[in-house]
Amino acid sequence: MPAYAVAGRSRFTPAEVTAAGFAGAFTLTDLEPDPGRCMAEAAPLLERLGEQLARHVFG
């Protein structure tokens, strides 16, 4: 099973993520670009991110 990085934000390029051994990266800032809102609304954003990751991996 491939490993995916999940983070608040990432400054790595897709190539750097792959070189680090991950199949991809999913970040909260992909859903909400404001870091303050990401921290304040982390739980619901993580739920949405988890749903996106599951759809990506399992279809």
Side-chain angles (χ1 to χ4, degrees):
M1 173 79 57
Y4 289 85
V6 176
R9 67 180 168 179
S10 174
R11 295 187 179 162
F12 296 107
T13 65
E16 290 171 323
V17 170
T18 302
F22 293 101
F26 289 78
T27 66
L28 295 182
T29 54
D30 289 338
L31 301 174
E32 172 53 62
D34 180 0
R37 288 190 66 187
C38 282
M39 288 186 279
E41 301 172 16
L45 288 171
L46 281 167
E47 286 181 30
R48 286 178 49 202
L49 200 62
E51 290 169 358
Q52 284 186 354
L53 178 58
R55 279 194 303 274
H56 179 80
V57 172
F58 301 110

Same apolar cluster (I L V M F W Y, side chains within < 4.5 Å links), M1/L49: yes
Closest heavy-atom pair and its distance - L45, E32: CD1-CB, 4.0 Å
Taking every non-hydrogen atom, the tightest pair across R48 and L31: NH2-CD2, 3.7 Å
Inter-residue atom distance D34.CG - M39.CE, 0.5 Å rounding: 8.0 Å
Value rounded to 0.5 Å, distance of CG in L53 from CG in L46: 11.0 Å
Closest heavy-atom pair and its distance - A25, D30: O-OD2, 4.5 Å
Contact summary for F22 and Y4, nearest pair of heavy atoms: CD2-C, 3.7 Å
